[in-house]
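The structure under discussion appears below in the form of structure tokens.
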Number of protein chains: 2
Amino acid sequence: MENSIKIVNYLLQHGIRPSIQRMAVMGYLMNHQNHPTVDVIYAALSPQIRTLSKTTVYNALNLFYEHGAVATLDIDEKGTHYDANCEIHGHFKCLQCGDIFDLFNLPNLPFDTIEADGFKVSECHICYKGYCPACAKIETESSNHK
Amino acid sequence: MENSIKIVNYLLQHGIRPSIQRMAVMGYLMNHQNHPTVDVIYAALSPQIRTLSKTTVYNALNLFYEHGAVATLDIDEKGTHYDANCEIHGHFKCLQCGDIFDLFNLPNLPFDTIEADGFKVSECHICYKGYCPACAKIETESSNHK
DNA sequence: TTCCAATTTGTAATTATTACAATTTTATTT
DNA sequence: AAATAAAATTGTAATAATTACAAATTGGAA
């Protein structure tokens, strides 16, 4: 794969030694913007890397997080979701289908006013919950039929 | 206690039948703004209501949530935090001491632009992470001594 | 009082995550 | 290249949060 060079560089830039497993996990995150959990990543990679251990996936993701190479998303009780896009952006979790959507057009939240109060901000999460367009539509239609 | 009337009313307003246990849980939430987890609530109430089961605390909180009587906070891996204040407001989680602070002076996030895209918003969470004033101060001082 | 439904309780099961020791891989030194 | 040290991976066991569920209890309606 040509883009494995991109993955290696990304890891090195964040001070992370690349290994087969770490590259696979990071590669999965870069190619899947659906905020996967450990289980999802493990299930996807396990067939290719037959010896892969779930602990390794945990290790890799925790390391990525400590080095600022991924963002974490504590949005529900289904476990931590991971995102290779570390730029601040919002999320929308559909309470019906469970999908998590990215929201890129939100206004920036202030850091300065909070830091003026003495807080040191290192992360900022904005997250909506409700019904996604598809699920909201179904909801509306079924209630019309009543 | 005089304010048990307030608790009963609050539960009834949200269509929740009051019981000894439910009143205790809601009373705890109203009197403790520190976003407790199930464990914290159970540990606090257990001595008073000796027969209290942790399952009952879960049942009560899930019911409260379904009826919109409490807000939930999935801010870390320590389990769900609960908040009797359902008004939209921000939170700050200190990565050092673990405390969660309320932030009331944040600008309102837009609902309309998101709903224009077809999303139906029912919750909106804003959450910062970093170091709280006390922990940030200690950090600064100790690095000065180096 | 009797009966039915709702609630509570305790235990067991499930799921996410971490702890940890043993093995394997990778890098370093000779 | 061989020997050694360090880092990473693996598998299993432990921990913690939450849910499932059946039995016991409570509270209201007939």
Side-chain angles (χ1 to χ4, degrees), chain A residues 4 7-8 11-12 14-28 35-67 69-70 72-82 93 95 98 100, chain B residues 4 7-8 11-12 14-28 35-67 69-70 72-82 93 95 98 100:
Chain A
S4 65
I7 299 170
V8 169
L11 292 177
L12 290 176
H14 288 86
I16 298 162
R17 216 182 295 254
S19 72
I20 305 289
Q21 293 86 348
R22 290 173 182 173
M23 285 176 59
V25 172
M26 184 51 81
Y28 184 87
H35 318 90
T37 59
V38 168
D39 264 13
V40 171
I41 298 169
Y42 174 75
L45 298 181
S46 184
Q48 282 125 63
I49 307 175
R50 287 181 297 352
T51 65
L52 185 67
S53 165
K54 202 179 278 189
T55 302
T56 302
V57 180
Y58 275 103
N59 288 343
L61 290 169
N62 286 339
L63 188 73
F64 296 171
Y65 176 69
E66 288 159 18
H67 288 250
V70 297
T72 61
L73 208 51
D74 288 312
I75 205 172
D76 59 23
E77 65 300 326
K78 305 256 151 205
T80 304
H81 299 259
Y82 292 88
K93 159 144 182 130
L95 297 173
I100 297 172
Chain B
S4 65
I7 299 169
V8 170
L11 292 177
L12 290 176
H14 287 86
I16 298 162
R17 216 182 296 254
S19 72
I20 304 290
Q21 293 86 347
R22 289 173 183 172
M23 285 176 59
V25 173
M26 183 52 80
Y28 184 88
H35 317 91
T37 59
V38 167
D39 264 12
V40 171
I41 298 169
Y42 175 75
L45 298 181
S46 183
Q48 282 127 60
I49 307 177
R50 288 181 293 0
T51 65
L52 185 67
S53 165
K54 203 179 277 189
T55 302
T56 301
V57 180
Y58 275 102
N59 288 343
L61 290 168
N62 286 339
L63 189 73
F64 296 172
Y65 176 69
E66 287 160 18
H67 286 251
V70 298
T72 61
L73 208 49
D74 287 312
I75 205 171
D76 59 22
E77 66 299 326
K78 305 256 153 204
T80 304
H81 299 261
Y82 292 88
K93 158 140 182 133
L95 297 172
I100 298 171

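Naming: A, B, ... by sequence-line order, numbering from 1 per chain. Please read these numbers as outputs of a predicted model, since none were measured by experiment. We use all heavy atoms of the structure for the numbers below, so side chains are in, but hydrogens, waters and symmetry mates are not.
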Kindly check if the number of other-residue, nucleotide or ligand heavy atoms within 6.0 Å of CD1 (B/I20) is above 12?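 Atom CD1 in B/I20 is not packed in, count stays at 12 or less.
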Map B/T55 and B/K78 onto DNA chain D by nearest heavy atom, then report which one ends up closer to the 5' terminus. B/K78
Reading DNA chain D from 5' onward, which residue's closest nucleotide shows up sooner: A/Y42 or B/Y58?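 Per heavy-atom nearest nucleotide, the more 5' residue is A/Y42.
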So which nucleotide from C/dT9, C/dA6, C/dT18 ends up closest to the side chain of A/N62? C/dT18
What's the closest nucleotide to the side chain of B/S19 if the choices are C/dT7, C/dC20, D/dA8? C/dT7
By nearest-heavy-atom nucleotide on DNA chain C, the more 5' of A/E77 and B/K54 is B/K54
Whole-Å distance separating the [atom1] atom of [X] from the [atom2] atom of [N]:
X     : N      : atom1 : atom2 : value
B/N59 : D/dA20 : CG    : C1'   : 11 Å
B/R22 : C/dA6  : CZ    : P     : 11 Å
A/L63 : D/dA8  : CG    : C1'   : 10 Å

Could you check if a side-chain atom of [X] sits within less than 4.5 angstrom of a side-chain atom of [Y], using non-hydrogen atoms only?
X     : Y     : answer
A/T37 : A/Y82 : no
A/N59 : A/R22 : no
A/F64 : A/M26 : yes

Using OP1 and OP2 only, check whether a side-chain N or O of A/R17 sits under 4.0 Å from D/dA8. yes
